[in-house]
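What you are looking at is a predicted structure, and each value in this text was computed from that prediction instead of being measured.
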There are 2 protein chains.
Amino acid sequence: MKGLSAVSVFLGTHQNRFDAKGRVSIPAGFRSVLRAQATEGESLLILRPSHTQPCIEAWPATAFARLAQPLDQLSMFSDEHDDLAAALYADAYPLDPDREGRIILPDFLREHAGLSDSVTFMGLGRIFQIWEPAAAQQRVAEARQRSRRVTLPAQKGGEG
Amino acid sequence: MKGLSAVSVFLGTHQNRFDAKGRVSIPAGFRSVLRAQATEGESLLILRPSHTQPCIEAWPATAFARLAQPLDQLSMFSDEHDDLAAALYADAYPLDPDREGRIILPDFLREHAGLSDSVTFMGLGRIFQIWEPAAAQQRVAEARQRSRRVTLPAQKGGEG
DNA sequence: TGACGTCCCATAAAATCCCATGATAACCCA
DNA sequence: TGGGTTATCATGGGATTTTATGGGACGTCA
């Protein structure tokens, strides 16, 4: 593969616009990561509102499956199981892009993220997030600030 | 002997120019280091703005993966994880050179480094940096000054 | 029937491919 | 050691492909 495509994690931020029909292109790079992570018979990606931030989380099928794994360790029918299942699944929204790689966001997600006419796709490694552009900028600045304090546990082997 | 090509770290300083299409050649020596450090399925290099200097950091795939390793030790969904992921990934920009070894820098990186028509590639061992030539010179001078006062810690064995 | 999503085609801009060139540096052989 | 021959490199540019975006037509499911 060429160009941005040869990556297996979501990196960088990209800004695209809604068209008149409410469609947005998923950045090409992200599309190819999604394809690489796709699971036969599952939708290409799963959206859900972030529970801590005004943005939409986008999960590739495989990553979402992993996310849900802790469920298996809870006894079925327990309250914990139900709670977790509800938290994970109830507001998840599986989705496949059209042939041009565009998606249409359901209203509840657009509202949750406060989207208007443009969206920022923010790569976060395993997943990516969809933000209102202004909020995205703010978020990154904040994250930079905070992670400056969260000094990394020193790497063994002198990092090299 | 093969000259610089046989080295696995980024050494030296090279200055190249943007062409009319906004492309710059990565110095040949750096290219071969990048190839040596490449990871199957990942882009050849990852750029990000330096958070401490007006320059662009260029990471080979493997080194970047190491940089991001601490993430794996944080539980998904923790605030630390989110902050760190955003800080590391959101402004990263993966890319692959064209067949001639040239790259096109996105605007936000060109602006961050204040690039105009030429760029200086500065080898820093594990990574290299991309500078506006004047700023690079200044930077090197400062670094020389400062490192005069610094004593290197004794080396333990072990190359990366 | 009508709203909405999908299929298909269209397009401008941008990125990439592919070929070309002058300059320099590496090489070879006498 | 000299001097010509090659290979490599930085750079240039036309042709092609990809990408983001726009929009008409069709299906489907209430």
Contacts under 3.5 angstrom, residues 58-66 of chain A side chains, donor-acceptor by atom type, not counting sequence neighbours:
residue : atom : partner : partner atom : Å
A/W59   : NE1  : A/E57   : OE1          : 2.9
A/T62   : OG1  : A/Q37   : O            : 3.2
A/T62   : OG1  : A/Q37   : OE1          : 3.2

Notebook entry, point to check: Using the C1' atoms of five pairs at each end, what's the angle between the two axes of the helix from C/dT1-D/dA30 to C/dA30-D/dT1, to 10 degrees?
Noted result: 50°
Margin query: Among residues at least two apart in sequence or on other chains, which ones pass salt bridge (Lys or Arg N to Asp or Glu O under 4.0 Å) with B/R102?
Written below: B/D19, B/D98, B/E100
Next item on the list: Just jot down the side-chain contact (heavy atoms from CB on, under 4.5 Å) partners of A/P27, sequence neighbours excluded, or say none.
Entry: A/H14, A/N16, A/F30, A/F121
Notebook entry, point to check: Looking at residues at least two apart in the chain, or sitting in another chain, which of them share a side-chain contact (heavy atoms from CB on, under 4.5 Å) with B/Q15?
Noted result: B/S118, B/T120, B/P133
Notebook entry, point to check: Who pairs with B/D72 by side chain to side chain donor-acceptor pair (under 3.5 Å), at least two apart in sequence or on another chain?
Noted result: none
Note to self: For nucleotides 7-14 of chain D, give me one character per nucleotide, 5' to 3': B if any protein heavy atom sits under 4.0 Å from the base, S if the only such contacts are to the sugar-phosphate, - if neither.
What the structure shows: --SSBBBB
Note to self: Taking salt bridge (Lys or Arg N to Asp or Glu O under 4.0 Å) as the definition, give me every residue that meets it alongside A/E142, ordered by chain and number, with sequence neighbours left out.
What the structure shows: A/R146
Checklist line | Atom pair distance, as rounded to whole Å: CG in A/D96 and C1' in C/dC4 | finding: 17 Å
Note to self: If you compare every side-chain N and O of B/R99 against the phosphate oxygens of C/dC18 (OP1, OP2), does one of them come in below 4.0 Å?
What the structure shows: yes
Checklist line | Separation of D/dT19 P from B/I104 CD1 (nearest whole Å) | finding: 14 Å
Margin query: Please list, in numerical order, the residues of residues 107-124 of chain B that have a heavy atom closer than 4.0 Å to any atom of DNA chain D.
Written below: none
Item checked: Results of salt bridge (Lys or Arg N to Asp or Glu O under 4.0 Å) for B/D91 - residues two or more places apart only -> A/R144, B/R48
Next item on the list: Name all residues meeting the side-chain contact (heavy atoms from CB on, under 4.5 Å) criterion together with A/D117; count only those two or more places apart in sequence or in a different chain, and write none if there are none.
Entry: none
Note to self: Please enumerate all residues that pass side-chain contact (heavy atoms from CB on, under 4.5 Å) together with A/P94, with sequence neighbours excluded.
What the structure shows: A/S43, A/I46
Check: Side chains of B/H81 and B/L71: does their closest heavy-atom pair fall under 4.5 Å?
Finding: yes
